[in-house]
Structures are given as structure tokens and as C-alpha cells.
Amino acid sequence: MKKGGTGLGLAITRRQVELMGGKIGVESKLGRGSRFFFELPLAPARAEVVARELTPTGEILGLAEGSHVKVLVVDDVRQNRDVISQLLTSIGCEVSLADGGVAALEQLRASIPDIVFMDIRMPDMEGQEVVARYFEEFGRGRTKLVALSASVLAHEQQSYLAAGFDAFIGKPFRFEEICDCMKRLLPVEFRYAEDKSEGGKAVEVIDPVAVTMSQGLRLQLKEAADRYSVTKLEKGFEELARLGEIEKRAAAYLRSLTQQGNFDGVAEFLEKVKVG
């Protein structure tokens with residue numbers, strides 16, 4: 001998989017950990033990979049730790065009959081746009097894309113989406129400015145606005161809501177968070193997998209070495225994961241599920257990774273399966 005970037009992430013992480021009084025380490029084996037880890041001296045929590053909650057649901061298959069959602073995704077990074085777009089398209093949403101604040105305003109003037117998922121940090125115009133200009137032209141309440149940001153500090157989240165956003169989702173997000181947000185803000189319902197909507201059981205984790213597939217199917221799935229193509233992955237999962245019981249369970253597991261946006265996890269799984 002080809003990745004972009006400057007290569008500064010690890011150096012920045014090391015400096016950040018050291019500033020907090022910790023240390024970072026690495027374990028590496030030739031041909032096996034590397035594991036990075038860090039330790040921080042943190043004081044015990046003074047109050048009960050409350051986990052971020054989501055409405056408990058089963059695996060989402062798509063929008064329920066009669067539900068229709070028009071979505072505008074705004075992000076200056078193409079990969080980020082593609083990931084959320086593919087996920088939302090796979091469940092039946094009508095998705096439009098904008099690569100920055102200026103393009104977002106142009107699209108918002110042309111049509112009214114039901115909901116907008118907007119990155120906060122963009123080079124041409126930050127999310128708060130886009131929202132302010134939008135409100136100047138059309139007022140509030142015309143569409144639902146959701147801020148997306150890797151910065152999850154409480155005071156910054158509050159500033160986004162004060163600027164007019166209806167909700168906030170931190171990056172990296174989980175697919176369930178996107179759907180939960182839509183369900184809270186819009187009159188929308190989803191279709192769920194029957195085998196999980198009733199029992200609410202967690203998806204079984206499958207050992208990839210127990211799974212066998214053809215080289216052609218493996219390459220098809222690997223390419224789809226590399227391209228973040230949910231539609232092509234789903235077709236491959238359907239084919240995989242027809243190969244046998246363990247492959248059917250593997251397809252369910254890989255589908256759950258896809259819905260979490262964990263395409264790297266799908267690719268890593270495929271690297272370890274048996275080809276036959």
C-alpha cells in the first residue's frame with residue numbers, strides 16, 4: 001500500500017512522550033514487522049472514567065426502506081474524503097464531496113444536503129469560517145452540521161458547538177459513530193443484520209491462517225482495501241462467505257473491520273490467509 005506523509009510522525013510522537021515524562025521504545029524482527037510502544041507516568045484517575053457511549057446496535061447493512069439521506073463530505077485530504085464517502089455510499093446515502101471550504105460553500109449554495117460532515121482544519125478556509133459565512137447567507141437550521149477533527153480537547157469541541165455545529169466526531173472515527181450521529185440528528189432508520197441485531201453479540205475474531213481463498217480473490221480484496229472501496233470489498237466478502245463455514249465467519253469479521261474504517265486491518269488479515 002502506498003502511503004503519503006513526511007515521515008515526521010514518529011519523531012513528533014517521541015518528543016511529545018518525552019515532554020510528558022515518558023519514554024518510547026521499539027521491538028523489531030526481520031521479516032516479521034515492528035512494534036512501537038510507550039510508557040507515561042500518569043496519576044490515578046480522581047473520578048470514575050466514563051467511556052464514550054454509542055447507541056447499541058447490530059451490524060448496519062444500509063438505510064431502512066423509506067429513509068433517504070443526502071450527505072456533503074468536506075475535507076481537503078482526498079483519502080479522508082474517500083473513506084467516509086465509500087462507507088456512506090455503501091449503506092445507500094447520496095454523497096457529494098468538497099475538497100475545501102470554498103468548494104463547500106459553493107455546493108451549499110447550489111443544493112441543501114440533510115447533513116454535512118466537515119473537517120475543521122483546511123488550508124483555504126477553516127470549518128468555523130465556513131459555518132459563519134453559511135449562516136450569514138442562509139441562517140441557522142437549514143442543514144445539520146457535524147465537525148470532524150483530530151483535536152478532541154473538551155474546550156475545542158465546545159468551541160465548535162458554539163460556532164454552530166450540531167455535533168462533533170473525533171478522528172479517527174468509527175463507522176458506528178457516523179451512523180449514530182445521523183440517527184440522533186436526522187429522522188433516519190437503518191437495516192441491521194438479523195444475526196446481530198437481536199443478540200447484540202460481538203463479531204468473532206478469526207485467525208487468518210485458518211482461512212483459505214484463491215489468489216485471485218485475495219488480490220481482489222487486497223486491491224479493494226488499498227483503494228478503500230467498500231462496494232468492491234462487499235462483493236468479495238460475499239464470494240468469500242460461500243467458500244465454507246470458517247470463510248463465512250471470516251467475511252463477517254472483515255466486514256466489521258470495514259465498517260470501523262479499519263482498511264489497514266483488512267489488508268493485514270489478507271496478508272496472512274492461506275492461498276489455495
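Start at 1 with the first residue, then count along the sequence. The analysis underlying the following values was restricted to heavy atoms, covering all of them including side chains, and did not include hydrogens, waters or symmetry mates. Bear in mind the structure is a predicted one, so any value in this text is a computation, not a measurement.
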Could you give me the CA-CA distance, side-chain angles and deciding distance for V74 and F117, then say whether side chain to side chain contact (heavy atoms under 4.5 Å, CB included) is met?
CA-CA 6 Å; V74 186; F117 292 98; over 6 Å; no
Is a donor on one side and an acceptor on the other found under 3.5 Å between the side chain of [X] and the backbone of [Y]?
{"X": "D207", "Y": "A210", "result": "no"}
{"X": "E177", "Y": "R174", "result": "yes"}
{"X": "T258", "Y": "L254", "result": "yes"}
{"X": "T89", "Y": "Q86", "result": "no"}

Pairing of [X] and [Y] as salt bridge, 4.0 angstrom limit:
{"X": "D82", "Y": "R227", "answer": "no"}
{"X": "E239", "Y": "K235", "answer": "no"}
{"X": "E268", "Y": "K272", "answer": "no"}
{"X": "R121", "Y": "E126", "answer": "yes"}
{"X": "K171", "Y": "D75", "answer": "yes"}
{"X": "E247", "Y": "R242", "answer": "no"}
{"X": "K183", "Y": "E189", "answer": "yes"}

For R218 and E271: C-alpha separation, side-chain torsions, deciding distance, then whether salt bridge (charged side-chain N to carboxylate O under 4.0 Å, His left out) applies.
CA-CA 9 Å; R218 178 180 172 277; E271 290 288 350; 3.3 Å; yes
With the 4.5 Å side-chain cut-off for hydrophobic clustering, are [X] and [Y] part of the same group?
{"X": "M20", "Y": "F37", "answer": "no"}
{"X": "V266", "Y": "V275", "answer": "no"}
{"X": "L19", "Y": "F36", "answer": "no"}
{"X": "V209", "Y": "I206", "answer": "no"}

Do [X] and [Y] come within less than 4.5 Å of each other through their side chains, counting heavy atoms only?
{"X": "L221", "Y": "F237", "value": "yes"}
{"X": "Q157", "Y": "L161", "value": "no"}
{"X": "R81", "Y": "V77", "value": "no"}
{"X": "I112", "Y": "K70", "value": "no"}
{"X": "L185", "Y": "V146", "value": "yes"}
{"X": "C93", "Y": "L63", "value": "yes"}
{"X": "P113", "Y": "L108", "value": "yes"}
{"X": "F263", "Y": "L233", "value": "yes"}

In terms of ring plane angle, is the pair Y160 and F165 parallel, tilted or perpendicular, where the classes change at 30° and 60°?
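Taking F165 first and then Y160, their aromatic rings stand perpendicular (interplane angle over 60°).
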More than 12 heavy atoms of other groups within 6.0 Å of [X] [atom1]:
{"X": "E65", "atom1": "CD", "answer": "no"}
{"X": "R142", "atom1": "CZ", "answer": "yes"}
{"X": "R191", "atom1": "CZ", "answer": "yes"}
{"X": "E18", "atom1": "CD", "answer": "yes"}
{"X": "F135", "atom1": "CZ", "answer": "yes"}

Find the distance between [atom1] ([X]) and [atom2] ([Y]) and round it off to the nearest 0.5 Å.
{"X": "L240", "Y": "Y253", "atom1": "CG", "atom2": "OH", "answer": "13.5 Å"}
{"X": "I60", "Y": "E176", "atom1": "CD1", "atom2": "CD", "answer": "7.0 Å"}
{"X": "C181", "Y": "D166", "atom1": "SG", "atom2": "CG", "answer": "8.5 Å"}
{"X": "K23", "Y": "R14", "atom1": "NZ", "atom2": "CZ", "answer": "12.5 Å"}
{"X": "E129", "Y": "I120", "atom1": "CD", "atom2": "CD1", "answer": "12.0 Å"}
{"X": "M118", "Y": "S149", "atom1": "CE", "atom2": "OG", "answer": "13.0 Å"}

Return the minimal non-hydrogen interatomic distance between [X] and [Y], and the atom names on each side.
{"X": "S85", "Y": "V95", "value": "OG-CG1, 3.7 Å"}
{"X": "M122", "Y": "G127", "value": "CE-N, 4.2 Å"}
{"X": "A163", "Y": "Q128", "value": "CB-CG, 4.0 Å"}
{"X": "C179", "Y": "F190", "value": "O-CE1, 3.6 Å"}
{"X": "A104", "Y": "L72", "value": "O-CD2, 4.2 Å"}

Any chance you could lay out the side chain to side chain contact (heavy atoms under 4.5 Å, CB included) test for L217 and Q220, step after step, and finish with the verdict?
CA-CA 5 Å; L217 178 57; Q220 173 189 332; 4.0 Å; yes
With no hydrogens and no angle check, do the side chains of Y134 and R109 hold a donor and an acceptor under 3.5 Å apart?
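Note: Y134 and R109 side chains miss the donor-acceptor criterion.
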V211 and side-chain contact (heavy atoms from CB on, under 4.5 Å): which partner among L270, V273, L243?
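Going through the options one by one, the only one that passes is V273.
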Between I178 and I84, is a side chain to side chain contact (heavy atoms under 4.5 Å, CB included) present by the stated rule, with each step listed?
CA-CA 9 Å; I178 297 292; I84 190 170; 3.9 Å; yes
Show, in sequence, the C-alpha distance, side-chain angles and deciding distance for K144 and D114, and conclude whether the side chain to side chain contact (heavy atoms under 4.5 Å, CB included) test is met.
CA-CA 6 Å; K144 298 298 182 182; D114 298 302; over 6 Å; no
